[in-house]
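Written out below as structure tokens is the structure these notes cover.
Since we're looking at a predicted model, the values are computed, not measured. In the text below, chain A, chain B and the rest are named by the order of the sequence lines, each starting its count at 1.
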Protein chains: 2
Amino acid sequence: MNQTAPIKRKRGRPPKASSAEYRDTRQELITAGLAVLTEKGYSYTGIDEILRKAGVPKGSFYHYFDNKESFGRILIEAYGRYFAGKLDRWFRDSSLSPLQRLGAFVEDAKAGMEKFEFRRGCLIGNLGQEMTALPDAFRALLQDVFRDWERRTAEVLREAQQAGEIAAHTQCDQMAHFFWIGWEGAVLRAKLDQSPQPLDQFTEGFLSLLQGN
Amino acid sequence: MNQTAPIKRKRGRPPKASSAEYRDTRQELITAGLAVLTEKGYSYTGIDEILRKAGVPKGSFYHYFDNKESFGRILIEAYGRYFAGKLDRWFRDSSLSPLQRLGAFVEDAKAGMEKFEFRRGCLIGNLGQEMTALPDAFRALLQDVFRDWERRTAEVLREAQQAGEIAAHTQCDQMAHFFWIGWEGAVLRAKLDQSPQPLDQFTEGFLSLLQGN
DNA sequence: TATAAATTAGACCGATCGTCTATTTAATGA
DNA sequence: TCATTAAATAGACGATCGGTCTAATTTATA
């Protein structure tokens with residue numbers, strides 16, 4: 001996010017000593033790309049805007065990436081991994097009960113949206129919505145990410161079951177699927193309303209569905 | 001949708017007799033605009049694409065509308081009205097119980113998505129997601145539409161309450177809000193998965209939340 | 001019959017899109 | 001040490017965007 005040093009970007013092959021710079025430009029493009037695409041999606045976003053944000057000249061982009069589509073694929077995978085890590089961080093926190101872990105994730109996600117004044121949403125949700133305008137190859141990637149997140153969520157629900165927090169007959173896989181269907185809607189609405197309220201409202205409903213109010 | 005007659009579009013002032021044609025071009029632009037924007041959203045869609053789809057030359061667009069933003073506002077309002085009518089049609093069908101009316105709406109919406117092979121979603125949801133890339137004036141319009149749909153939905157829930165289909169302590173306004181938060185997520189996911197399954201999954205969860213299993 | 005109103009035709013502008021070639025700099029191998 | 005190659009940036013390129021504008025055409029109106 002922050003430019004730790006005002007690195008001079010120079011033409012030509014970089015000196016080997018500072019080989020840190022080699023990866024830097026590429027990583028800065030990915031970071032800037034995620035920032036912009038979580039806000040505005042893929043189709044409408046121009047490469048120029050990402051380059052401007054990263055302070056990288058246009059020629060560099062096509063040195064590090066084949067084209068916009070390839071860049072998009074890399075962003076989807078990077079975001080999927082990033083978010084899976086975030087899920088794990090909370091879902092494996094044994095100092096909390098399984099349902100509390102779910103609640104802790106929600107609070108974290110809320111804070112994440114608030115931090116950017118609800119301008120940034122979920123990359124996967126954004127791209128899912130504009131799927132008809134996207135390269136076909138994106139569909140399977142986006143579906144894979146959801147499958148992964150749902151698998152992790154189902155796992156924490158099964159732990160809640162074992163801990164007796166939710167009924168034994170609860171169908172955890174289906175509930176995890178339901179969560180991610182509705183959660184993306186809540187993120188969308190939070191962006192529209194510029195408020196965490198939809199995230200809370202959906203979470204409350206989901207928890208009360210889990211516990212059979 | 002279908003061109004009922006192969007109307008010849010002519011230059012010059014139209015004859016007064018067929019004053020139907022006066023509104024025709026304007027209406028065809030709106031229809032084509034809705035078709036494209038429910039698929040791809042606002043920002044990435046060019047006016048040219050809408051004109052091509054409607055078979056209308058560019059000069060006509062700026063005769064009927066001030067600019068793209070104004071056109072967008074008109075589409076939001078048109079879609080809001082269109083969908084409110086669809087809601088009313090089902091929610092006021094007294095041959096069905098209140099909860100059955102909700103289910104009938106869901107079936108109708110599912111059929112609507114299937115008809116276009118899950119390429120078209122909800123205009124309001126689409127625009128909500130890309131809000132950061134939209135004219136500021138759109139925000140309030142989109143929120144108004146959701147408020148309107150939620151009001152109509154809360155009404156049918158209250159009727160379900162009176163009919164004893166759901167508990168008396170159910171907070172109908174909140175439940176209607178929950179429905180529309182999650183429903184938009186389900187539409188998004190149905191588009192990604194090209195399947196009605198997410199719509200069914202969300203509806204099943206919502207109904208079971210309502211009935212407090 | 002002259003003028004005004006309504007509509008379409010399509011050229012045009014500056015900006016921006018994604019892509020590609022040329023240039024510059026440093027590492028490498030003989 | 002010097003030619004060659006690898007790594008990176010610079011910026012041109014044609015296509016297309018939203019938006020505007022003038023001209024052309026047709027009918028209504030007075």
For nucleotides 18-22 of chain D, list the nitrogen or oxygen atoms of the protein found under 3.5 Å from its nitrogen or oxygen atoms, one pair per line.
| residue | atom | partner | partner atom | Å |
| --- | --- | --- | --- | --- |
| D/dG18 | OP1 | B/Thr45 | O | 2.8 |
| D/dG18 | OP1 | B/Gly46 | N | 2.9 |
| D/dG18 | OP1 | B/Ile47 | N | 3.1 |
| D/dG18 | OP2 | B/Ile47 | N | 3.0 |
| D/dG18 | N7 | B/Lys58 | NZ | 3.4 |
| D/dG19 | OP2 | B/Lys68 | N | 3.2 |
| D/dG19 | N7 | B/Lys58 | NZ | 3.2 |
| D/dG19 | O6 | B/Lys58 | NZ | 2.9 |

>> With a 4.0 Å limit, can you tell me whether A/His63 has a side-chain N or O closer than that to the phosphate oxygens OP1/OP2 of D/dA7?
In response: no
>> Just to verify, what does B/Phe61 make a ring-ring contact (aromatic ring centres under 6.0 Å, His included) with, not counting sequence neighbours?
In response: B/Phe65, B/Phe71
> Roughly how many Å is it from CG in A/Leu51 to P in D/dA8, rounded to a whole number?
Replying inline: 16 Å
> Judged by atom type as modelled, is there a donor-acceptor pair below 3.5 Å linking the side chain of A/Tyr42 to the main-chain atoms of A/Ala133?
Replying inline: no
> Under 4.0 Å between a side-chain N or O of A/Thr25 and OP1 or OP2 of D/dA8?
Replying inline: no
> Does atom OH of B/Tyr44 have more than 12 heavy-atom neighbours from other groups under 6.0 Å away?
Replying inline: no
> Hey, is the side chain of A/Ser60 poking within less than 4.0 Å of OP1 or OP2 on D/dA8, counting only N and O atoms?
Replying inline: no
> B/Leu29 CG to C/dT8 C1': how many Å, rounded?
Replying inline: 12 Å
> Can you check whether A/Thr45 reaches A/Glu39 side chain to side chain, under 4.5 Å on heavy atoms?
Replying inline: no
> Quick one: salt bridge (Lys or Arg N to Asp or Glu O under 4.0 Å) pairs with a partner in residues 123-136 of chain B, sequence neighbours left out?
Replying inline: none
> Between B/Gln201 and B/Arg189, is any side-chain donor less than 3.5 angstrom from a side-chain acceptor?
Replying inline: no
